[in-house]
Amino acid sequence: MATGTVAATCAWTWPNPAGKNDLREADVRFNIADYDFTRNPTSTCNGRYHDVLNTGTHEAGHIFGLGHVGSGHSNLTMYTKADRCEVKKRTLGRGDVMGLRSIY
């Protein structure tokens, strides 16, 4: 896994001529070599840990076909970057939900 990558998702699909491809398999890999993960970051987190639920929700978005969103959308789960100790992206934002609705 590339240095600086917190987690990565690979998804394999079957072609579907009628619309979006059908998901066949997906794998998510957390970079535990370079990062520490926790389920319970506290006020004393000091930027050491990444929240596994925050990161997992973002990666699940990729499994369902969502890409990254960029500048101006840092409140969304699919924003390119997540700060250490951050938990606000455990749930989807309005833009994330709208993206899923456009796919499904």
Side-chain angles (χ1 to χ4, degrees):
M1 185 171 300
T3 301
T5 301
V6 176
T9 297
C10 294
W12 294 268
T13 60
W14 282 315
N16 181 357
K20 295 283 184 183
N21 290 345
D22 292 327
L23 182 65
R24 179 178 184 184
E25 179 182 341
D27 294 321
V28 175
R29 185 172 184 183
F30 290 79
N31 184 353
I32 60 172
D34 298 324
Y35 298 98
D36 293 322
F37 291 90
T38 183
R39 275 193 64 171
N40 190 23
T42 64
S43 60
T44 60
C45 184
N46 295 325
R48 181 172 172 207
Y49 298 99
H50 280 277
D51 180 57
V52 70
L53 300 176
N54 201 66
T55 305
T57 302
H58 175 91
E59 295 304 319
H62 289 309
I63 291 169
F64 288 105
L66 294 177
H68 288 138
V69 296
S71 180
H73 300 286
S74 63
N75 60 319
L76 295 178
T77 300
M78 296 312 296
Y79 183 62
T80 305
K81 179 182 176 292
D83 294 324
R84 291 177 190 227
C85 305
E86 179 181 81
V87 296
K88 68 182 179 183
K89 295 175 183 162
R90 288 179 172 186
T91 58
L92 301 177
R94 179 180 162 93
D96 301 309
V97 172
M98 290 172 58
L100 285 171
R101 285 183 180 167
S102 74
I103 297 171
Y104 299 99

I'd like to know if the side chain of [X] reaches the main chain of [Y], judged simply by a donor and an acceptor atom lying under 3.5 Å from each other, with no hydrogens or angles considered.
X	Y	answer
Y104	F64	yes
T38	V52	no
N54	K89	yes
D34	G4	no
N31	A7	no

Sub-4.5 Å side-chain heavy-atom contact between [X] and [Y]:
X	Y	value
D27	W12	yes
D96	T57	no
V28	T9	yes

In terms of hydrophobic clusters joined by side-chain contacts under 4.5 Å, are F30 and V6 together?
yes
Starting from V97, can I reach M78 by hopping between I/L/V/M/F/W/Y residues whose side chains sit under 4.5 Å apart?
yes
For [X] and [Y], work out which heavy atoms get closest and say how close.
X	Y	value
Y79	H58	O-CE1, 3.4 Å
T91	T77	O-OG1, 2.9 Å
L23	A11	CD1-CB, 3.9 Å
G93	L76	CA-CD2, 3.9 Å
N21	P15	OD1-CA, 3.4 Å

For I103, I'd like to know if atom CD1 has over 12 heavy atoms of other residues, nucleotides or ligands within 6.0 Å.
yes
Quick check on M1: does its CE atom have over 12 non-hydrogen neighbours (other residues, nucleotides or ligands) under 6.0 Å away?
yes
Any carboxylate oxygen within less than 4.0 angstrom of a Lys/Arg side-chain nitrogen, looking at D83 and K81?
yes
With sequence neighbours left out, what residues match D51 under salt bridge (charged side-chain N to carboxylate O under 4.0 Å, His left out)?
R90
Working to the nearest 0.5 Å, report the span between OG1 of T55 and CZ of R84.
10.5 Å
Whether H50 and F37 hold their rings parallel, tilted or perpendicular, with breakpoints at 30° and 60°:
tilted
Taking only residues two or more places apart in sequence, or in another chain, which ones meet H73 in a ring pair (Phe, Tyr, Trp, His ring centres under 6.0 Å)?
none
